Amino acid sequence: MLFTRSLRTTSSVLPSLTRAATTSARPRGLSAILEKNPHDVVITFAKRTAIGKAKKGQFKDTPVDELLLALFKATLEKTGLNPAAIEDICVATCHPPSPLYVSRAAAIAAGIPYDVPISVVNRLCSSGLMAIRNIAHAIQAGEISLGLAVGVESMSLNPRPTPEVVEKVAQHPHAHDCMQPMGWTSEMVAQTYKVSRQKQDEFAFISHSRADKAVQAGIFSDEIIPVEIRGSIVSIDDTIRRGVTLEDLAALKPAFPKWGEASTTPGNASGVGDGAGLCIMTTRERAEKEGMDIIGKWVAGAVVGVEPRYMGISPIYAVPKVLDQVGLSKEEVDVYEMNEAFASQFAYCVEQLGVPIEKINPNGGAIAISHPLAMTGVRQVVTGLAELKRRQERILCTSMCIGSGMGAAGIFVNEA
């Protein structure tokens, strides 16, 4: 089985540049991961905006700087955090023009001092997780002790641009494949790994029905921070279709009729949306000293590369890699938040990983909720930690495939 593919193991050291002069190897094993140490990287706040349907929804005319401004202001008001205490900000966003400029401008306009630096990161669908990872690494290195990890995307105003390369690059088969539309990769996975249209619709139905139930139960209100946009308060996702049936899904026409077996549809693929999410991260020592509520702990992250035309299967490699790094078994993870880019790849990954579907995306995933590219990696952490709090369980694994042929995964601990 692909889950047992051999993995390169790595070890990392956590320098204590601003703490006592000690070093600690990454914790391995469940008991070590659950220990609480002063130098732990912890999350004290994790929220997301509601999500809007691209081109038609509540954020269709809202650019990323306006989303960021609203989220920064709402976060500072909700937490009472002194903006001058922020030592760095990493904003994940994929396709807006001049992303660093608009992100920094939004932060300053929200009342964050101009002497607080900011960076942006783009690793496509994993960008939000990479923002969390970047801030975590900066804290672990002793460069900062408090930072913000943010993910934001407006797929309404900044859709995926078509990659352009010179002929010498395009002639390489894998280079050619890594630039193809994501729908094409979905069809390649479905065709090569024999994921039928019926199976795709069945997995999509699970996502739609779980998200529908979550809306009915008011579950998402636990993770959404209301934001003010042009005088209106936005606090409810407008992306989730209510009452979807298998018959509804089976009746949909293919989204990509010219590729593969044309089994991908608007109902069994992730939605296109707009939104933002944010995590405040610091050391356990600082959080306890300053009276911040600790809701979770960062443990580790992993990234992998795969053959580009089958980019959707990358969680099969990313998940075991991160579990191997920290010495966890897949059974010791309580909740998995795995991005549902397409039901073709999601169904195949679930079956190959051998994880019970009951543990994966318990409140639905991107097929139902939507997939604003750079927001997703943060949303998964926000959603996963909120679910673990409700269950009073401990370990979260997030994962996603990444356009161009990569994958990523992260491990977190619930402490709420």
Side-chain angles (χ1 to χ4, degrees), residues 2-3 5 7-10 12 26 41 43 46 90-95 119-138 140 149-153 160 178 182 185-186 189 270 277 279 281 296 298-308 310-326 328 330 333 335-342 345-346 348-350 352-353 355 360-361 365-366 371-385 395-413:
L2 289 171
F3 190 89
R5 174 186 176 186
L7 302 165
R8 292 187 298 271
T9 60
T10 60
S12 65
R26 175 187 285 137
V41 176
I43 299 170
C90 184
V91 174
T93 192
C94 294
H95 297 316
S119 66
V120 295
V121 61
N122 178 3
R123 193 176 262 165
L124 299 177
C125 309
S126 72
S127 299
L129 179 59
M130 295 301 103
I132 292 171
R133 182 176 181 246
N134 287 357
I135 293 296
H137 286 178
Q140 288 175 330
V150 189
V152 61
E153 206 72 59
R160 175 186 184 263
C178 88
M182 296 300 95
T185 70
S186 173
V189 168
S270 59
C279 293
M281 305 174 68
W298 156 269
V299 180
V303 291
V304 299
V306 298
E307 187 175 348
Y310 308 122
M311 73 95 195
I313 72 169
S314 55
I316 293 170
Y317 305 111
V319 170
K321 181 175 181 179
V322 78
L323 292 177
D324 181 75
Q325 284 178 355
V326 299
L328 285 177
K330 61 185 179 182
V333 175
V335 169
Y336 290 82
E337 283 289 330
M338 188 182 302
N339 194 40
E340 302 165 352
F342 301 95
Q345 57 81 211
F346 178 66
Y348 185 71
C349 289
V350 170
Q352 290 297 311
L353 287 169
V355 174
I360 303 174
N361 303 346
H371 175 30
L373 297 180
M375 177 197 185
T376 288
V378 176
R379 184 199 67 77
Q380 289 179 320
V381 174
V382 173
T383 301
L385 288 178
I395 304 298
L396 168 68
C397 178
T398 69
S399 184
M400 68 285 290
C401 55
I402 304 170
S404 81
M406 295 183 285
I411 298 292
F412 301 83
V413 176

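As the structure is a computational prediction, the values presented were derived from the model and not from experiment. The residues of the chain are indexed from 1 along the displayed sequence.
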Subject >> Side chain to side chain, Pro308 and Ser404, heavy atoms closer than 4.5 Å >> reply: no
Original post:
Is there side-chain contact between Val152 and Met375, with at least one heavy-atom pair below 4.5 Å?
Top reply: no
**OP:** Go through the steps to decide whether Trp298 and Val381 satisfy the test side-chain contact (heavy atoms from CB on, under 4.5 Å), and finish with yes or no.
**Re:** CA-CA 10 Å; Trp298 156 269; Val381 174; over 6 Å; no
[X] side-chain N/O to [Y] backbone N/O, donor-acceptor pair under 3.5 Å:
X      : Y      : value
Ser314 : Met406 : yes
Glu153 : Cys94  : yes
Ser399 : Met338 : no
Gln345 : Ile313 : no
Asn122 : His95  : no
Lys330 : Leu353 : yes

Please report the shortest heavy-atom distance between [X] and [Y], naming the atom on each side.
X      : Y      : result
Gly403 : Cys125 : N-SG, 4.1 Å
Ile395 : Val333 : O-CG1, 3.8 Å
Ala92  : Ala131 : CB-CB, 4.0 Å
Cys90  : Val121 : SG-CG1, 3.8 Å
Met400 : Ser126 : SD-CB, 3.7 Å
Leu129 : Ala408 : CD2-CB, 4.1 Å

Roughly how far apart are [X] [atom1] and [Y] [atom2], rounded to 0.5 Å?
X      : Y      : atom1 : atom2 : result
Tyr317 : Cys401 : OH    : SG    : 13.5 Å
Met311 : Leu124 : CE    : CG    : 9.5 Å
Cys279 : Leu385 : SG    : CG    : 7.5 Å
Ile43  : Phe412 : CD1   : CZ    : 5.5 Å
Met130 : Ile402 : CE    : CD1   : 6.0 Å

**OP:** Would you please test Asn361 and Phe346 for side-chain contact (heavy atoms from CB on, under 4.5 Å) and show each step?
**Re:** CA-CA 11 Å; Asn361 303 346; Phe346 178 66; 3.7 Å; yes
**OP:** Decide side-chain contact (heavy atoms from CB on, under 4.5 Å) for Val319 and Cys397; before the verdict, give the C-alpha distance in whole Å, the side-chain angles of both, and the deciding distance to 0.1 Å.
**Re:** CA-CA 8 Å; Val319 170; Cys397 178; 4.2 Å; yes
**OP:** Using ring-ring contact (aromatic ring centres under 6.0 Å, His included) as the criterion, list what pairs up with Phe342, not counting sequence neighbours.
**Re:** none
**OP:** Tell me, with the steps shown, if Ile411 and Gln325 meet side-chain contact (heavy atoms from CB on, under 4.5 Å).
**Re:** CA-CA 10 Å; Ile411 298 292; Gln325 284 178 355; over 6 Å; no
Subject >> Pair listing, side chain to side chain donor-acceptor pair (under 3.5 Å) test, anchored in residues 376-385, at least two apart >> reply: Glu223-Thr383, His371-Thr376, Arg379-Thr383
